[in-house]
Engineer: 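The structure that follows is given in the form of structure tokens.
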Amino acid sequence: MIVGERKPLSEIQEMLKGYKKVMVLGCRTCVAVCMAGGDKEVELLGSLLRIAATKDGSRLEVVEDAVERQCDREYIEPIREKVAACDAVLSMACGCGVQFMAELYADKPVLPAINTNFIGVTESTGVWTERCGQCGNCVLHLTGGICPIARCSKSLLNGPCGGSQNGKCEISPDVDCGWQLIYNRMKQLGQLEKLAEVIPAKDWTTSRDGGPRKIVREDVKI
Amino acid sequence: MEGLGFAPKIVAFCCQYCAYNAADLAGSMRLQYSPYVRIIRLLCTGKIDSLYILKAFEEGADAVFVAG
């Protein structure tokens, strides 16, 4: 899922200066799972904003709502009337949701309440970690199901580097060396010999180096 | 509370099995506690939610305490 984190309240308040009626709009998919921008977080932020406005003596009306996904048009179109009644939308979705809302409601300021951090997993309650670098050309079959792009700090395709110490990365003793993890997994699978093969330099045009990406599926297009 | 110069609104979220019973017992024993405290009984303070606390402040509470 996409993992995000709510911006500090002070930053959000700064964004909202000058607006009298704001819609706080949650997204019930990824950011709800990582407890950053779902229904619950909408209610919390709405309440915090109202308390802060009362404290400041400023007038701010906060409307709370959430949709299934802000990255799908069919979910954000039905709230048109509610959006029209507000001065701005404070989206608690990831960066995709904020942009799609801004695209559909071109005459309405759509502001981000969340910092979108990475594609990751829930390791345990309250702990999320990055797993995928979205390079557009998966190599997980070569590396024991552990991504060298996302898990190695240098995104090395042939590691580890000299900064790997006792299974940890040189950037922090709290960060596992991605290539140590790959080695351990390949050993467990009895496939260590595969690591002797050098993975050739990657074509990064499938990643961000190729510019904004797009997928068109003719078979499912309407 | 007199020293505050105003009548504060204090909301107490109390567990019905302990703190709420304690308040009840205080009443039975004719013990006085501040009239500014408004008690809300919870089945368990494990039910407390940050939203309950925020809503209390939003509605004008000057202080909130959770007892359980």
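Within every chain, numbering begins at 1; the chains are lettered A, B, ... in the order of the sequence lines, protein sequences first and strands thereafter.
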Engineer: State whether the number of non-hydrogen atoms from other residues, nucleotides or ligands found under 6.0 Å of A:Gln13 atom CD is greater than 12.
Structural biologist: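 Check passes, neighbour count above 12.
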Engineer: Answer yes or no: are there more than 12 heavy-atom neighbours, outside A:Glu74 itself, under 6.0 Å from its atom CD?
Structural biologist: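 Atom CD in A:Glu74 is crowded, with more than 12 foreign heavy atoms closer than 6.0 Å.
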Engineer: Taking everything shown except A:Asp56 itself, do over 12 heavy atoms lie less than 6.0 Å from its CG?
Structural biologist: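 More than 12 within 6.0 Å, yes.
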Engineer: Would you indicate whether the side-chain heavy atoms of B:Leu54 and A:Arg50 approach each other to under 4.5 Å?
Structural biologist: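 A side-chain contact under 4.5 Å is absent here.
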Engineer: Would one find more than 12 heavy atoms of other residues, nucleotides or ligands at under 6.0 Å from atom CZ of B:Phe57?
Structural biologist: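 More than 12 heavy atoms, drawn from other residues, nucleotides or ligands, come within 6.0 Å of this atom.
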Engineer: Could you grab the distance from atom CG of A:Leu44 to atom CG of B:Asp49, nearest 0.5 Å is fine?
Structural biologist: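 Here the interatomic distance stands at 7.0 Å.
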Engineer: Would you indicate whether the side-chain heavy atoms of A:Thr54 and B:Glu58 approach each other to under 4.5 Å?
Structural biologist: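 No, every pair of side-chain atoms sits at 4.5 Å or beyond.
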Engineer: To the nearest 0.5 angstrom, please state how far the NZ atom of A:Lys40 sits from the OG atom of B:Ser50.
Structural biologist: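 Taking NZ in A:Lys40 and OG in B:Ser50, the distance rounds to 4.5 Å.
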